[in-house]
Structure formats: C-alpha cells, structure tokens
Amino acid sequence: MFLILVVTMFLAGCLALPIKDPYSYSSAVGQGGGTPFASYGEGRITGVRVWETNNNYYYYYYNNNAYISGFQLRYGNTWSPVFGNEGSEKQEMELFNDEAIVEVSGKYNPADYICYLVLTTNMGRTLSAGMPNHVSFNFYPANMGNELRLLSGRFNGAGITSIGAHWGLVDMEGAGNRTLETVRETVTPIY
C-alpha cells in the first residue's frame, strides 16, 4: 500500500513539472536603422507578399544592390499593413489549409539591408525574393509543432534593415479560421 502511495506521489510530481515555454524568438539580424515594426493579426498566417528592389545601375558598377524593400502577412482573411515599402517586384504565396511557415532564412548586408528572404512551409513550399549574397541567417522555432506568428525588425525609406522571427502555437479556437464543418453549420441551404 505504501509503495502505491509513493508511486502515485512520484507520478503526480512529474505531472507538476513546468512545461517549456511554447514560444520562441529568433533574434533580429541586420543593420537595424530606421522605424521599428512588428506584424500582427489573429489566427494563422495564410498569405505572404514580399517586395524586392533591384537597382540595375548600382548592380552594373558595384556588383549588387538587390534587397528586400517590404513585406506583408495575411492573418486569416486580413492583410497586415505593408512593412517597408512596395518595391519593384512582388513575390506572393497563399498558404493551403494546415500549411504554416516553419523556417525563415536568407542573407543580409551588415551595412544596410536584408538582401534575400526565403520563407519555407511545413509542406516544403518556399517563397524567395531578393539576391542571395552577403551574410546568411536561418530562423526556425525552438519547439516542435510551432510556426511563425510574426516578424519584427526595422525599415527605412528604402527597405528592411533588420528582421527577427517570433514562433508559437496558434490557438485555432476563435481565431477567425473556419473549417468545412463550421461553414456547413452557418450556411442556409437554398432549395
């Protein structure tokens, strides 16, 4: 009887151990001048737009000046503001149901801008923009099952000067995401 009590107490103590923080942060990289930003929204990220600027004159004489000028995230059905500005070329990706961004990588020039940005999903799809040169970075969540929740950093009048990634779990209850079952429950059939 005493043994059962000891085992029960031990198991109860194991269940009371602190749970790891479900959120993590990948520290910002880049020069970091300009206005701070942090994307925001409810629910899962469902779309991404990234603008890149290619200065061909500068490229011809100084090897390269391609950089990320701005980006925008869609949470549910709502687009965030554009952080930075809309450059010359836009890359866009809409995420599928149950698809999430699980890696942010790229390259940055320590003297000025984020030069290259790659967003990778749990389904293996990628969106890339910019020119892959200078110093590499690679962001991913510290905890299994987490996904990108927001991007933060700084931008100036021309582009993104620093970027960091915030990872966490998405609370799908009341987050504005609809499943097929909730659509069926709310749609009135027409006969």
Side-chain angles (χ1 to χ4, degrees), residues 18-30 32 34-52 68-87 89-106 108 113-114 116-130 137-155 159-190:
I19 298 173
K20 283 176 56 175
D21 187 7
Y23 301 99
S24 60
Y25 171 64
S26 300
S27 296
V29 297
T35 306
F37 70 83
S39 63
Y40 53 88
E42 285 189 36
R44 176 171 273 158
I45 295 171
T46 58
V48 180
R49 293 176 179 149
V50 179
W51 285 271
E52 62 182 279
I68 304 303
S69 54
F71 74 91
Q72 189 176 31
L73 299 177
R74 187 178 68 200
Y75 292 87
N77 294 320
T78 306
W79 285 100
S80 72
V82 174
F83 298 102
N85 63 63
E86 298 177 21
E89 293 187 38
K90 177 176 73 171
Q91 306 292 331
E92 184 169 354
M93 178 170 65
E94 288 198 24
L95 278 63
F96 299 126
N97 289 337
D98 298 324
E99 187 174 25
I101 297 168
V102 295
E103 182 179 3
V104 178
S105 58
Y108 68 98
Y113 300 107
I114 304 300
Y116 184 57
L117 190 62
V118 180
L119 303 166
T120 305
T121 73
N122 58 341
M123 295 185 177
R125 296 194 313 139
T126 61
L127 172 115
S128 64
F137 67 90
N138 189 17
F139 300 153
Y140 50 88
N143 302 309
M144 195 92 148
N146 284 10
E147 61 190 72
L148 183 67
R149 297 295 300 128
L150 65 99
L151 292 171
S152 64
R154 290 182 174 268
F155 66 92
I160 305 297
T161 61
S162 71
I163 194 164
H166 302 252
W167 308 94
L169 300 172
V170 175
D171 179 16
M172 298 308 284
E173 294 291 320
N177 294 334
R178 296 173 63 127
T179 64
L180 185 56
E181 291 304 316
T182 59
V183 170
R184 284 186 187 143
E185 291 170 3
T186 58
V187 173
T188 306
I190 300 173

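These numbers come from a predicted model, not from an experiment.
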Enquirer: Please give me the minimum heavy-atom distance between G168 and Y23, naming the atom from each residue.
Expert: CA-CD2, 3.4 Å
Enquirer: Distance check, rounded to the nearest 0.5 Å: L148 atom CG versus T120 atom OG1?
Expert: 11.0 Å
Enquirer: Under 4.5 Å between any side-chain heavy atoms of V50 and M93, yes or no?
Expert: no
Enquirer: Under 4.5 Å between any side-chain heavy atoms of F137 and L117, yes or no?
Expert: yes
Enquirer: Which residue pairs pass the salt bridge (charged side-chain N to carboxylate O under 4.0 Å, His left out) test when at least one of the two sits in residues 71-85, sequence neighbours left out?
Expert: R74-E94
Enquirer: Tell me every residue that passes ring pair (Phe, Tyr, Trp, His ring centres under 6.0 Å) with Y116, counting only those two or more places apart in sequence or in another chain.
Expert: none
Enquirer: Locate the shortest heavy-atom distance separating S128 from Q91; write the atom from each residue and the value.
Expert: O-CG, 3.6 Å
Enquirer: Measure the OG1-OH distance between T161 and Y108 for me, rounded to the nearest 0.5 Å.
Expert: 12.5 Å
Enquirer: Do E147 and N122 make a side-chain contact, defined as non-hydrogen atoms from C-beta onward lying under 4.5 Å apart?
Expert: no
Enquirer: Nearest heavy-atom pair of S152 and Y25: which atoms, and what distance?
Expert: OG-CE1, 4.1 Å
Enquirer: Please check this pair: side chain of S162 against backbone of R154, looking for a donor-acceptor N/O pair closer than 3.5 Å.
Expert: yes
Enquirer: Quick one: side-chain hydrogen bond (donor to acceptor under 3.5 Å, both in side chains) partners of W51, sequence neighbours excluded?
Expert: none
Enquirer: Taking the side chain as C-beta and beyond, is there a heavy-atom pair between I163 and F139 under 4.5 Å?
Expert: yes
Enquirer: For the atom pair CD1 (I160) and CG (N85), what is the distance rounded to the nearest 0.5 Å?
Expert: 8.0 Å
Enquirer: Hey, what do you get for NE2 (H166) to CZ (R149), rounding to the nearest 0.5 Å?
Expert: 11.5 Å
Enquirer: Within the 4.5 Å heavy-atom criterion, are T126 and L119 side-chain neighbours or not?
Expert: no
Enquirer: Applying salt bridge (Lys or Arg N to Asp or Glu O under 4.0 Å), name anything that partners E92, two or more places apart in sequence or on another chain.
Expert: R49, K90
Enquirer: Between F71 and F37 (judged by ring centroids, cut-off 6.0 Å), do the two rings come close enough to count as a pair?
Expert: yes
Enquirer: Any side-chain heavy-atom pair from N146 and L169 closer than 4.5 angstrom?
Expert: yes
Enquirer: Distance check, rounded to the nearest 0.5 Å: T46 atom OG1 versus N97 atom CG?
Expert: 9.5 Å
Enquirer: Evaluate the criterion side chain to side chain contact (heavy atoms under 4.5 Å, CB included) for residue pair I101 and L127; output intermediate values, then yes/no.
Expert: CA-CA 10 Å; I101 297 168; L127 172 115; over 6 Å; no
Enquirer: The criterion is ring pair (Phe, Tyr, Trp, His ring centres under 6.0 Å); which residues satisfy it with Y140, sequence neighbours excluded?
Expert: none
Enquirer: Working to the nearest 0.5 Å, report the span between CG of L151 and CD of Q72.
Expert: 12.5 Å
Enquirer: Between Y75 and I45, is any pair of side-chain heavy atoms under 4.5 Å apart?
Expert: yes
Enquirer: For L95 versus A100, what's the shortest heavy-atom pair and its separation?
Expert: CD2-CA, 3.9 Å
Enquirer: If you take all heavy atoms of F96 and M123, which pair is closest and at what distance?
Expert: CD1-SD, 4.1 Å
Enquirer: Compare every heavy atom of S39 with every heavy atom of L73, then report the nearest pair and how far apart it is.
Expert: CD1-OG, 3.4 Å
Enquirer: Going by the rule side chain to side chain contact (heavy atoms under 4.5 Å, CB included), which residues pair with T78 if we only count those two or more places apart in sequence or in a different chain?
Expert: none
Enquirer: Do F83 and P36 have side chains that approach each other closer than 4.5 Å (heavy atoms only, starting at C-beta)?
Expert: no
